[in-house]
A.B. asks: 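Take a look at this one; I'll ask things after.
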Amino acid sequence: MKKFYKISANAESNPVRLVATVGLAVVVMLFINGFIGSMGGFPAFIAFTLVFFPLRTVVEAGNRITHQLSMSSKKETAYLMGSYCFAYLVLWGILRIAFLVSRVTGWGNLNGNSALDYVKELLSVSMLEKWAYLFAGILMFAFVVSLFPLVVIREYGKWLLYALLDGAGFALICIGINAGDVTCVIDHLLLYGEGNTGQEALFLAGIIVFTVVVAVLVFHFAAWEYGPKPGRMDEEAIRKAEHLPGEKMKPKQKARTAFFAAAGVAAILIVFVIVAFMPADTMGGYSKVAEFLTKDTLLGPMEYGGKIYAPVNRAAELSDTDMPRGYLAGKNEDCSSRFYRKAVANLLYVDREGKEDYIQMKGADEGVYRPIEEIDREQEWKEDTVFLIWDEDWNSESAYSHEPTGYTACSADLIEGLTMQFPTVNYRLADFDDYDAYFTIRSYSDTDEKIEKDTVHGNWVGCILVKDNRFYYGSYENQITGICLKQLLEVLGGNTK
């Protein structure tokens, strides 16, 4: 083995070949990021460049090692392919670990998390994520292995044709696995891969067998391409000239042809099994069934089934017993976008037996909601002593602080005055379509409740709509005037323009 690399190392490099290698590595990186997903595109780029360039240099130099060592072309190809696969895995793994270390030690650690935080994060990864990334990692390796013949193919036309066919083949495989509105394998597995352990084991076994089949086919093709070719042209010309029948295929040739045919059929069947038994699209079929009426998606009201609901501070388990009805979207939010389905996916759960009057949202955000008329009827806020008025954008304003901001404390006298002036509120959906400003009023048992419990929900009191510099309590039917308006303006700081 040492002699093999010693003799191979005397080939001269070529700047043009280096540029071509870098270009190919960029294509490989883009393919992995685009079709397979976040498997470390940049580490793949570096590893592929460092592995492909020296091996390609040896092959193009024509320094046949079999002339200097007692070694067949097939064995030489095995050395080249083994070096190619092993070196790529080692370099890619080292670079991935280096990036992880950089995040832990500070370089790239934008969130300022400690090493312990990262360790906890890695250990807390779900089994779904673990098998999804393992599946995608094996698929990535299969793709890199399939590119090995590009190391040994000398004819540039054949080299380009193989690269195009191989890339197109793996692109079709990735698209077949996705079979949805996502563009890469990892996103599809994380979004739709909610199968059981048996299914996950089947998928992993399938992709491993697929990789082995790819490696075997690639090795035999590369060995045939790299090995010396017998002179068949003269013999064929003589047969044609003498009108002699061609020589029958030898048994070894028949066996080789049958092997490649069987391997090709096996690869197709494996891909078919992976695609056919992939977990069903469990989220892609949902559509928007509910929507928040304001930009406040935590404290503001929402609409479902023609009714207005407000958030309540209670726990619910509807997501464990009932099927989701669809997506609960933000105001004017598009639930069909890939970002929403992947990063947000707030599903709404309703008691199918109708015994509970509340509904539950679960996804990137969580919340429990009750019909706003029932909340007003119970008036739980009367047991509280602290009242806060939250503006519509308080959540985004709090993103840059350690504690919630965007609220103003008001007196109990203002709340009592509003409820006396407007004992009943007729909430209407149309009133939330056109307003200039919106405020939510929530109550708390004491000042530190929202800080101690790490929540801002409290109890629903009511809401204020502002239109054309006029203030309304819950509905455009209830314009705030008199002493209540004066107190409200003092709390909000006067003119809201």
Side-chain angles (χ1 to χ4, degrees), residues 4 8 17 20-21 24-25 27-28 31-32 35 44 47-48 51-66 71-89 138-174 206-233 236 249-272:
F4 177 86
S8 304
R17 189 179 303 120
T21 300
L24 178 61
V27 174
V28 172
F31 185 95
I32 292 174
F35 285 95
F48 187 85
V51 171
F52 186 89
F53 177 70
L55 294 179
R56 181 65 179 174
T57 298
V58 170
V59 171
E60 286 198 349
N63 186 16
R64 297 300 299 236
I65 301 172
T66 51
M71 182 185 296
S72 65
S73 297
K74 183 173 289 189
K75 189 173 183 180
E76 186 178 346
T77 304
Y79 273 122
L80 290 171
M81 185 171 176
S83 303
Y84 173 87
C85 297
F86 178 76
Y88 175 83
L89 282 178
I138 297 174
L139 179 61
M140 176 202 69
F141 181 66
F143 171 64
V144 174
V145 169
S146 71
L147 297 175
F148 172 72
L150 297 179
V151 173
V152 300
I153 297 176
R154 294 181 179 84
E155 298 179 19
Y156 292 111
K158 186 183 293 186
W159 189 95
L160 182 60
L161 178 62
Y162 181 90
L164 293 175
L165 291 177
D166 184 75
F170 269 86
L172 290 176
I173 290 173
C174 293
I207 196 63
I208 291 173
V209 174
F210 172 76
T211 303
V212 172
V213 171
V214 168
V216 172
L217 290 174
V218 163
F219 170 73
H220 283 281
F221 176 76
W224 177 84
E225 183 67 30
Y226 189 62
K229 306 296 187 298
R232 294 187 297 267
M233 297 302 295
E236 184 179 359
M249 185 178 294
K250 297 179 180 179
K252 288 185 178 180
Q253 292 176 320
K254 289 182 179 180
R256 183 179 300 173
T257 302
F259 171 80
F260 279 108
V265 172
I268 294 174
L269 290 176
I270 290 170
V271 174
F272 174 79

A.B. asks: Sequence neighbours excluded, which residues qualify as side chain to side chain contact (heavy atoms under 4.5 Å, CB included) partners of Ala171?
C.D. replies: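 For Ala171, the residues satisfying side chain to side chain contact (heavy atoms under 4.5 Å, CB included) (neighbours in sequence not counted) are Phe31, Phe35.
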A.B. asks: Which residues satisfy the side chain to side chain contact (heavy atoms under 4.5 Å, CB included) test with Ala25, sequence neighbours excluded?
C.D. replies: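 Partners of Ala25 under the side chain to side chain contact (heavy atoms under 4.5 Å, CB included) test: Phe45, Phe48, Thr49.
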A.B. asks: If every non-hydrogen atom of Tyr162 is compared with every non-hydrogen atom of Leu150, which pair is closest and at what distance?
C.D. replies: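 For Tyr162 versus Leu150, the nearest heavy atoms are CD2-CD2, 3.6 Å.
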A.B. asks: Main chain of Val144, side chain of Tyr84: is a donor-acceptor contact present, judged purely on distance under 3.5 Å?
C.D. replies: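 A pair under 3.5 Å: yes.
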A.B. asks: What is the minimum heavy-atom distance between Val214 and Ala142, and which atoms define it?
C.D. replies: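 In this case the closest contact between Val214 and Ala142 is CG1-O, 3.8 Å.
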A.B. asks: Is there a side-chain contact between Ile153 and Phe221, using heavy atoms and a 4.5 Å cut-off?
C.D. replies: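 They are in contact (side-chain heavy atoms under 4.5 Å apart), so the answer is yes.
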A.B. asks: Can you confirm whether Phe210 sits close enough to Ile138 that some side-chain heavy atom of one is under 4.5 Å from a side-chain heavy atom of the other?
C.D. replies: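 They are not in side-chain contact.
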A.B. asks: Which value, rounded to the nearest 0.5 Å, describes the distance between Tyr88 atom OH and Met140 atom CE?
C.D. replies: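 The OH atom of Tyr88 sits 4.0 Å away from the CE atom of Met140.
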A.B. asks: Is there a side-chain contact between Thr77 and Trp224 in this structure, where contact means two heavy atoms from C-beta onward sitting under 4.5 Å apart?
C.D. replies: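 No. Closest side-chain heavy atoms not under 4.5 Å.
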A.B. asks: Measure across Arg56 and Arg17 and return the closest heavy-atom pair with its distance rounded to 0.1 Å.
C.D. replies: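 Here Arg56 and Arg17 meet closest at CG-CD, 3.9 Å.
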A.B. asks: For the pair Val145 and Met81, evaluate side chain to side chain contact (heavy atoms under 4.5 Å, CB included) and give the outcome as yes or no after the intermediate values.
C.D. replies: CA-CA 8 Å; Val145 169; Met81 185 171 176; 3.7 Å; yes
A.B. asks: With a 4.5 Å heavy-atom cut-off, do Leu55 and Val59 have their side chains touching?
C.D. replies: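 No, side chains not in contact.
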A.B. asks: Using side chain to side chain donor-acceptor pair (under 3.5 Å) as the criterion, list what pairs up with Ser146, not counting sequence neighbours.
C.D. replies: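 By the side chain to side chain donor-acceptor pair (under 3.5 Å) rule, Ser146 matches Asp166.
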A.B. asks: With a 4.5 Å limit on heavy-atom distance, are the side chains of Tyr226 and Lys74 in contact?
C.D. replies: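 Not touching, per the 4.5 Å side-chain cut-off.
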A.B. asks: Run the side chain to side chain contact (heavy atoms under 4.5 Å, CB included) test on Phe143 and Ile173 for me, step by step, so that the C-alpha distance in whole Å, both residues' side-chain angles and the decisive distance to 0.1 Å come before the verdict.
C.D. replies: CA-CA 11 Å; Phe143 171 64; Ile173 290 173; over 6 Å; no
A.B. asks: Can you sort out the partners of Phe219 under ring-ring contact (aromatic ring centres under 6.0 Å, His included), two or more places apart, ordered by chain and number?
C.D. replies: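 Phe219 satisfies ring-ring contact (aromatic ring centres under 6.0 Å, His included) with no other residue.
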A.B. asks: Does the side chain of Phe170 reach to within under 4.5 Å of the side chain of Leu139, using non-hydrogen atoms?
C.D. replies: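 Counting from C-beta outward, Phe170 and Leu139 do come under 4.5 Å.
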